[in-house]
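Since the structure comes first, as structure tokens, the remarks are kept for the end.
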Amino acid sequence: MMMGNVDDPGGGGDSTGGSRSHGKRSSGGGGSGLDLNLSSSTLRPIEDGLDGDVDGDRETWSQGLDFLLSIIGFAVDLANVWRFPYFCYKNGGGAFLIPYFLMLALSAIPVFYMELLLGQSIRQGPISMWKICPLFKGVGYCAVTVSYFVSFYYNTIMGWSLHFTISSLSSPLPWTSCNNTWNTDSCYSPEVMSEEELMYIDNSSASAFSHDNEDYRMKSRMTESQWNGSNLYREEFFPGENGSHLTPYSRDGGGNRQRNGTSPASEYFRNCVLEMGNHDIDNLGSPKLDLLVCLAVIYCLLYVILFRGIRSTGKVVYVTALLPYLVMLILLIRGVMLEGAVDGIYYYLVPNMTKLWEIGVWSDAAKQIFFSSGAGFGVHLTYASYNNFHNNCYRDCIVTSCVNCFTSIFSGFVIFTFLGSMAHRQGRKIEEVVSVGPGLVFEVYPEAVGTLPGAKFWSILFFIMLIMLGIDSAMGGLECVITGITDEFKTFFKKKKHGRECFMFFCVLISFLIGIINVTRGGMYTFQFLDTYAAGSSLLLSVLFEILAVSWVYGLDQLCKDAEAMLGFAPGLYWRICWKFVSPALIAIIIVLDLCTAEELTYEGYRYPDWAQTFGYIFTFIPITFVPIIGFIEFMSFPGDCMTKLSYSITPVSEHAALKAGQRNKRFQSHHWSYFR
């Protein structure tokens, strides 16, 4: 992507008759900054005020398509094909979609649009942009911290994907059979199960495989205690491929047949890739060398892309944003051809309404939609800050939101068609097919690609696709951190030769060193821990503070004027209602209910120890502490009594000159807070 420095990306005057300059600003005795003409929404250079960004030195996207594909690449990521199906499966399929769409329409899209407007208008990083309301600068630090925390575990998924990519070079694929050293006695090969084998066989048929039949007992790979169990008379056995493997069945209290086994894909992920064994968060074990190397390769790739700066982002996403749809379409076509796929789709689309009474469903929906859309992380603010002033960010918001939502729903169809097929082969309910956890897609997708003709080729393509999806968002998250800090401390970094590059290396290195805990034998437990606490309540609180500060303190009227100056039209009634009332109220309710009904963290029946639970809450609220701490520092940095300090701290820096001149602060007037038109 070609980037260029521009002296005036905003062009000439705006509809209000003022002029907005994005060129280099002159500095005076009080530093350089921007002054707001209080009679309009336009900005002009001033001599008084806090230090500002030198916008003339800021790169811009060479064309709007680069920006659009970049934010699509960030929004359409692993959260769509990994996290969305996991939360959907965890929360009852169709029941999850109702709060998901409500949170999307009433919260995520409005916040997303607001961030694009702010970034494009102010042209600052996620921290420096809070010159519009210094009291809430801590929200910028909060967003940057959340983005950085997510990198501690998010990049691990790409490390797993790289491991699967390399393993896909083997023939046959190692997760398609049970004849491997890591397989257990309960492993079964789903691809060799025929319809006849799934038919009910009464106890008289099972008697053929008696205790005295040593050959069959050895081939079944069952232990002596399993064979001699008191429930033998309730078990049914079906021969596997070439009669070499016997699959045990049992019947539950209702007479329903259930398989007592696991798929080879599941065992490959757990026993070969992760080597979980008896490890847990108290006993992590040593890092796995192969996963450590894979993780290091991913971080090196990220650093190379980030080192090239924002110029490289647009080029990368031309490929990474488009390939996933081709691969998932092929998987979906294959999936719907399998027996039981319809049952999976039914479970996915038809909600269990009783689930809607569970607070966890609504909380997970809110967390997922903000995690997926990227709203609240500061990344969209960062990317939009490189836009030309008159870029149609409204169009970009709608297109990106639609593509993001479509991708999540589409990936859900892919996952649940194969879950339905697996349930059919296993004779289980869909919710019992695989263990609920963040590793869900690494158990379902490998089995899915294993059923395709030319499985080796499609497996390589699929896992490369996962890496490319992850790269988009990983770049955006780290770019948000780097841009946020370097924009805020621009003077310091300009004095240091290669200051940005060194800081970038430091950020990437620290993230990698912390991420090593996720490639230990007990790494899945730390991964689940980080996924739960890194971007949960802290992300929602960050979004809540952001939308309150902008729509109430900065002012809905000023935001609408900024939008009209850039786009030529003001936001409609829907956006104003959501920004002012609906979005903050809905997010606040979700946060309160989520905190009041918080449950102990568990993973597959393992209860995390008390110290881990306590540290989890501390970890969650670390980013939030920046809001009051930085707010207090900013408040105290202004001269005068408390009311004067408050006046400056809730007013954009560009208006400070007017306040010094004795102009009345409109934020102390009722019409500012009651504005709604």
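On a predicted model such as this, the values are computed, not experimentally measured, just so you know.
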Open item on the list: For A455, is there any backbone N or O sitting under 3.5 Å from a side-chain donor or acceptor partner on S459?
Closed with: no
- [ ] Report yes if the distance between the aromatic ring centroids of Y525 and F529 is under 6.0 Å, otherwise no.
- [x] no
- [ ] Using only heavy-atom distances, determine whether the side chains of Y325 and T407 contain a donor-acceptor pair under 3.5 Å.
- [x] yes
Task: Mutual orientation of the aromatic rings belonging to Y348 and F413 [parallel < 30°, tilted 30-60°, perpendicular > 60°] - done: perpendicular
- [ ] Report yes or no: does T176 contribute a side-chain atom to a donor-acceptor pair with the main-chain N or O of L173 at less than 3.5 Å?
- [x] yes
Open item on the list: Tell me whether N180 contacts the main-chain N or O of W182 through its side chain, where contact means a donor paired with an acceptor under 3.5 Å.
Closed with: no
- [ ] Compute the centroid of each ring, for Y445 and then for F462, and state whether the two points are separated by less than 6.0 Å.
- [x] yes
Open item on the list: Under a 3.5 Å distance rule, please check whether W362 uses its side chain to pair with a backbone N or O of P99 as donor and acceptor.
Closed with: no
Open item on the list: Assess whether a salt bridge exists between D77 and R83, defined as any Lys/Arg side-chain N lying under 4.0 Å from an Asp/Glu carboxylate O.
Closed with: no
Open item on the list: Please check: side-chain N/O of K456 versus main-chain N/O of L169, any donor-acceptor pairing under 3.5 Å?
Closed with: yes
TODO: Output yes when a side-chain donor or acceptor of S263 lies under 3.5 Å from a complementary backbone atom of S266, and no otherwise.
DONE: yes
- [ ] May I ask you to check whether D343 and H424 show a side-chain donor-acceptor distance below 3.5 Å?
- [x] no
Task: Whether over 12 other heavy atoms sit under 6.0 Å from F505 CZ - done: no
- [ ] For a side chain to side chain contact (heavy atoms under 4.5 Å, CB included) with M465, tell me which candidate from V327, T165, L326 qualifies.
- [x] V327
- [ ] Answer yes or no: is there an ion pair linking K90 with E431, defined by an N-O contact shorter than 4.0 Å?
- [x] no
Open item on the list: Can you tell me how the ring of F377 sits relative to the ring of F371, calling it parallel under 30°, perpendicular over 60° and tilted otherwise?
Closed with: perpendicular
TODO: Measure from the ring center of F152 to the ring center of Y148 and say whether it is less than 6.0 Å.
DONE: yes
Open item on the list: Can you confirm whether or not the ring centre of Y346 sits under 6.0 Å from the ring centre of F416?
Closed with: no
- [ ] Would you give the length of the straight line joining atom CE of M468 to atom CG of L461, rounded to the nearest 0.5 angstrom?
- [x] 9.0 Å
Task: Contact summary for A366 and I590, nearest pair of heavy atoms - done: CB-CG2, 4.0 Å
Task: Check: S511 main-chain N/O paired with Y299 side-chain donor or acceptor under 3.5 Å - done: yes
- [ ] Could you tell me whether a side-chain N or O of E479 sits under 3.5 Å from a main-chain N or O of L306, the two making a donor and an acceptor?
- [x] no
Open item on the list: Looking at every non-hydrogen atom in both residues, tell me the closest pair between P264 and N183 and how far apart they are.
Closed with: CA-ND2, 4.4 Å
Task: Heavy-atom pair with the smallest gap, counting every atom of L356 and A95 - done: CD2-O, 3.3 Å
- [ ] Could you tell me if the ring centre of F527 sits under 6.0 Å from that of W160?
- [x] yes
Open item on the list: Strictly below 4.0 Å, N to O, side chains only: are R270 and E275 in salt-bridge contact?
Closed with: no
Open item on the list: Test your reading of the model: is there a side-chain donor-acceptor pair from T520 to the backbone of I517, 3.5 Å cut-off?
Closed with: yes
Open item on the list: Whether the E267 and T184 side chains hold a donor-acceptor pair (N or O, under 3.5 Å, no angle test) is what I'd like checked.
Closed with: yes
Open item on the list: Looking at D610, is its backbone amide N or carbonyl O close enough to the side chain of T614 to form a donor-acceptor pair, meaning the two atoms are under 3.5 Å apart?
Closed with: yes
- [ ] Assess the side chains of N404 and S373: does a donor N or O sit below 3.5 Å from an acceptor N or O?
- [x] no
Open item on the list: Under 3.5 Å, is there a donor on one side chain and an acceptor on the other for S411 and N80?
Closed with: no
Task: Geometric class of the F619/F149 ring pair [parallel <30°, tilted 30-60°, perpendicular >60°] - done: parallel
Task: Any donor-acceptor N or O pair under 3.5 Å, side chains N179, S177 - done: no
Task: Pair F84 + Y100: ring centers closer than 6.0 Å - done: yes
